[in-house]
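Below is one structure, written out as structure tokens; the observations come after it.
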Protein chains: 2
Amino acid sequence: MKNKKFSQIDASVPTIRRLPSYLNVIRRALNNNLKVISGTVIASELELEPIQVRKDLAVTGIVGKPRVGYDVKELKNAIESFLNWDKQHKAIVVGTGNLGTALIGYPGFKQNGMNIVCAFDSSVDKIGKQILGVEVYGLKDLKDKLKNEKIDIAILTVPSEVAQQVTELLIETGVKSIWNFTNEKLKVPEDVLVLREDLSSSYAVLSVCQ
Amino acid sequence: MKNKKFSQIDASVPTIRRLPSYLNVIRRALNNNLKVISGTVIASELELEPIQVRKDLAVTGIVGKPRVGYDVKELKNAIESFLNWDKQHKAIVVGTGNLGTALIGYPGFKQNGMNIVCAFDSSVDKIGKQILGVEVYGLKDLKDKLKNEKIDIAILTVPSEVAQQVTELLIETGVKSIWNFTNEKLKVPEDVLVLREDLSSSYAVLSVCQ
DNA sequence: TTAAAATAGATATAAATATATCTTAATTTA
DNA sequence: TAAATTAAGATATATTTATATCTATTTTAA
Ligand SMILES: NC(=O)c1ccc[n+]([C@@H]2O[C@H](COP(=O)([O-])OP(=O)(O)OC[C@H]3O[C@@H](n4cnc5c(N)ncnc54)[C@H](O)[C@@H]3O)[C@@H](O)[C@H]2O)c1
Ligand SMILES: NC(=O)c1ccc[n+]([C@@H]2O[C@H](COP(=O)([O-])OP(=O)(O)OC[C@H]3O[C@@H](n4cnc5c(N)ncnc54)[C@H](O)[C@@H]3O)[C@@H](O)[C@H]2O)c1
């Protein structure tokens, strides 16, 4: 069952996933006032093959100079633009427990265009309070809150047992992209994109390979 | 640059990564007192292809019955055994900030054999205190603490800027597996396994595909 | 001024991963 | 009891992803 949603772009998902680490290297180069950087240098910093880096960067439309490399500033802009990280994205966090709180407190998101505009929880202990400047609302206020404000991403960090029912509520309110940190496989309509962040699958790799 | 460390097992990394979600389905089936479960059923629950599920399950050595499926209990044991989730793993958390705290508080790890035995931080505010029953020590006590206790996994949740230097300390103390939640590409010797948990790469997929 | 070296970009190949097809065994039901 | 059905398991194929090779361009230096 091929997921069409992830294949609308002329770049493979592995390529998209590597771009942020290139951006890290490039931003650092920019801080060090480097004017140009070659794919070879990026590759060696990240222990990748130069060919792969060049091919990945090509999807952003960047054009480099043989024997020189890419203009650092231009390359940074090309990647950020390709990733849409030069535009603002509105996000909400649903479930402000341990993990939800950690994600709200992470400054790396804002740096790449993601603004957590507010959060939702079902616990009376949390509703009405703020977490690092982010207001927490009751889940039943969701529809009302999102009526006038279009949300780009819902970050789902509720207990796995309620994940599906909360998801259905999110979809009712028009959410089209869900970043799912729960262990639940979410059932959603065709036009809703779910990205699963599955820590247990990473732990599996560690357990098997050690 | 092929990473040999991940290719010592006769299962591909994608296969290993899918096994935990099969286990979720199977554990639920066991709770519902089901005796047998077919690959087809697992596949439909997870929106995967039956062929893929069967092929994945085959790496665990499980043998099913045509027209019937797999014995649920046997299948659960086979996966847990393959993943080494039936054995105990000792882990430490290094950096008890937002994310480190969230990971310490996550019960899903213990359920799969991972015990966080203690944590380390450099902040005097945290050293000597407990986080959900887990003692926090100073980073300079690391060597001393790990002298007698072999650690299977170090969970790295320090600020990215100090990630490399903390990693070097971990390696000095004999750590061989690092679960890296920082944005830093860690430079480690051949025999040290690093698994990168890169949230920005997931965010990139969301940003591009929406 | 010209040869050598390094690197982008294009094209071709290889490796890894996923999917399809076929065969055989277990079960149900006509 | 035999035919139909379903699913595992094996083999074959297709797709995706990564890597290698080749060419052209730019720079450096002999
Ligand atoms: N903490 C981790 O490191 C970690 C790791 C892997 C996966 N996860 C998954 O992430 C999710 C959250 O984990 P956590 O550790 O933050 O759990 P948590 O219990 O700390 O937080 C869950 C939060 O969700 C809220 N909540 C409960 N029901 C709700 C509902 N119906 N609507 C809205 N909010 C509701 C609770 O009040 C709580 O604040 C879980 O599904 C967990 O399996 C967490
Ligand atoms: N919070 C998130 O959701 C999130 C998301 C993606 C990535 N990350 C990454 O995870 C890491 C931790 O994030 P966080 O939000 O928990 O940060 P944080 O600032 O809340 O926590 C960092 C902790 O590390 C400790 N620390 C600092 N220097 C140390 C040292 N040399 N040795 C030991 N401990 C030290 C600090 O005292 C603090 O407790 C960062 O690298 C961050 O980029 C976090």
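Each chain gets a letter, A, B and so on, in the order its sequence line appears, and its residues count up from 1. Remember, it's a predicted structure, so these values are computed and weren't measured experimentally.
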Between [atom2] on [N] and [atom1] on [X], what's the gap in Å once rounded to a whole number?
X	N	atom1	atom2	value
B/L48	C/dT19	CG	P	9 Å
A/E47	D/dA18	CD	P	17 Å
B/Y70	D/dT6	OH	P	17 Å
B/E74	D/dA8	CD	C1'	14 Å
A/D71	C/dT7	CG	P	17 Å
B/I51	D/dA12	CD1	P	16 Å
B/D56	C/dA16	CG	C1'	14 Å
B/I37	D/dA7	CD1	C1'	13 Å

Taking every heavy atom of A/F82 against every heavy atom of A/A11, the minimum-distance pair comes out as CZ-CB, 3.8 Å
Taking every heavy atom of B/V72 against every heavy atom of B/L34, the minimum-distance pair comes out as CG2-O, 3.5 Å
Candidates B/T15, B/L83, B/V59, B/V13 - the one meeting side chain to side chain contact (heavy atoms under 4.5 Å, CB included) with A/V208: B/L83
At less than 4.0 Å, is any side-chain N or O atom of B/R54 found next to OP1 or OP2 of C/dA20? Yes or no. no
Full working for side chain to side chain contact (heavy atoms under 4.5 Å, CB included) between A/E80 and A/R27: CA-CA 11 Å; A/E80 286 176 348; A/R27 283 174 174 168; 3.0 Å; yes
Return the nearest nucleotide to the side chain of [X]; candidates are [options].
X	options	answer
B/R18	C/dA18, D/dT17, C/dT7	C/dA18
A/K55	D/dT19, C/dA18, D/dG9	D/dT19
B/E49	D/dA7, C/dA20, D/dT19	C/dA20

Judged by modelled atom types alone, do B/D198 and B/S200 share a side-chain donor-acceptor pair under 3.5 Å? yes
Modelled atom types, side-chain donor and acceptor of B/R17 and A/S202, under 3.5 Å: yes
Write out a two-atom table: protein N or O, nucleotide N or O from nucleotides 25-30 of chain C, distance below 3.5 Å.
residue : atom : partner : partner atom : Å
C/dA26  : O4'  : B/P66   : O            : 3.4
C/dT27  : O2   : B/R67   : NH1          : 3.3

Start with the C-alpha distance between A/Y106 and B/N98, add both sets of side-chain angles, then the distance that settles side-chain hydrogen bond (donor to acceptor under 3.5 Å, both in side chains), and finish with yes or no. CA-CA 8 Å; A/Y106 181 55; B/N98 288 319; over 6 Å; no
